[in-house]
Amino acid sequence: MTDFDTAAVVESKIPVDRITGLALGSGAARGFCHIGVLHTLEEFQVRIDLLAGTSIGALIGALYASGVPVSRLKQVACELNWRKLAGMLGPNILSSGLMDSRKVARFIKELLPVTTFEELKIPLAVTTTDIETGELIVIRQGLLLPAILAAISFPGLFSPVRVGNRFLVDGGLCAPVPTDVVRQMGAETVIGVCAIPVVDKHFSETFAPDTSRSRAKKPLLKRFTREWVERTFSEIWTSQDHYKPEESYEKERNPPGIFRVFAQSVAILENQINSLRLNQETVDFLVRPELNTITLLEFHKAAEAIESGRLATSLLLKSKN
């Protein structure tokens with residue numbers, strides 16, 4: 001992997017006299033590729049004048065726009081393993097989401113050096129979805145934290161975030177790659193980053209649920225503990241989900257677990273929406289890293305996702321020179 005501090009500077013032929021906008025898309029763990037994209041854009045001396053972000057793209061975009069260096073973004077991402085992430089979560093089964101986002105909010109707040117959109121060094125738009133009306137809601141002013149929390153509120157896992165009189169969730173349901181949003185902000189050259197690979201039609205689940213008698217007899221509310229959350233995340237991130245043709249008919253497959261169902265459902269929806277929107281919207285540069293070996297919840301593969309983003313951006317910009 002190219003070291004962030006020693007990378008050679010390469011001149012880019014992206015017009016410097018035009019306003020350049022960067023649209024960072026959704027993708028959960030795959031969205032760590034945005035860090036590699038930002039690194040390479042800096043390496044090619046591409047100035048980003050405007051930013052729009054969806055889901056994890058909104059989080060990374062906000063941190064970058066607030067002045068957090070790419071090297072720091074990489075450090076934070078690569079230190080985030082399943083145990084640390086599970087430690088930030090807590091059961092919240094009686095609300096409209098399975099997880100309590102208060103610890104996530106504290107984690108993000110500690111990373112952000114500013115509190116409002118107006119303090120950002122680069123103008124930013126955060127995209128969210130109104131869970132009641134289905135509308136795309138773009139936030140560009142006011143407090144940053146509520147907007148980011150709404151943008152990353154994965155449906156079913158986190159409760160919707162109230163902003164004004166609306167309840168907002170992940171913007172990926174409406175705009176997986178917000179190229180139109182950054183164009184409307186005034187960008188003349190638009191770079192879009194899509195962290196959503198084509199859905200694997202051979203999606204499979206290879207780890208079996210715990211069927212021990214002692215656990216099976218416990219009521220759901222008794223079993224939904226922090227230990228259960230940690231074990232479930234561990235199983236998801238250490239499992240091998242990749243399709244193996246020689247095994248597909250040789251053994252009985254287990255049904256997908258709850259987190260995988262959430263993740264795959266949203267991935268399917270976002271793929272369909274993404275294909276339609278990218279065909280309709282104009283984008284001057286589309287970065288689509290190779291991320292098929294990373295599932296939506298494999299946050300421990302941050303280094304791999306970052307490198308994929310770096311490589312894809314480098315290849316794209318070199319092909320334009």
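All values derive from a computational prediction rather than experimental measurement.
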Test your reading of the model: is there a side-chain donor-acceptor pair from [X] to the backbone of [Y], 3.5 Å cut-off?
X: Arg288; Y: Ile196; result: yes
X: Thr20; Y: Thr189; result: no
X: Arg72; Y: Lys74; result: no
X: Thr313; Y: Gly309; result: yes
X: Asp284; Y: Val190; result: yes
X: Arg140; Y: Val126; result: no
X: Arg18; Y: Glu188; result: yes

Applying the side-chain contact (heavy atoms from CB on, under 4.5 Å) test to Ile152, which of Val169, Asp170, Val104 qualifies? Val104

Looking at [atom1] of [X] and [atom2] of [Y], how far apart are the two atoms once the value is rounded to the nearest 0.5 Å?
X: Ile306; Y: Ile35; atom1: CD1; atom2: CD1; value: 4.0 Å
X: Leu73; Y: Tyr64; atom1: CG; atom2: OH; value: 9.0 Å
X: Ile108; Y: Ile148; atom1: CD1; atom2: CD1; value: 6.0 Å
X: Gln45; Y: Leu317; atom1: CD; atom2: CG; value: 12.0 Å
X: Phe44; Y: Lys318; atom1: CZ; atom2: NZ; value: 5.5 Å

With a 4.5 Å heavy-atom cut-off, do [X] and [Y] have their side chains touching?
X: Leu124; Y: Leu144; value: yes
X: Leu168; Y: Thr129; value: no
X: Glu304; Y: Glu298; value: no

Dump the intermediate steps for side-chain contact (heavy atoms from CB on, under 4.5 Å) on Leu41 and Ile191, then the final yes or no. CA-CA 10 Å; Leu41 291 176; Ile191 304 169; 4.1 Å; yes

Can you find a side-chain donor-acceptor pair between Thr54 and Thr127 that sits under 3.5 Å? yes

Determine whether Leu111 and Leu38 fall in the same hydrophobic cluster, where Ile, Leu, Val, Met, Phe, Trp and Tyr are linked whenever their side-chain heavy atoms lie under 4.5 Å apart. yes

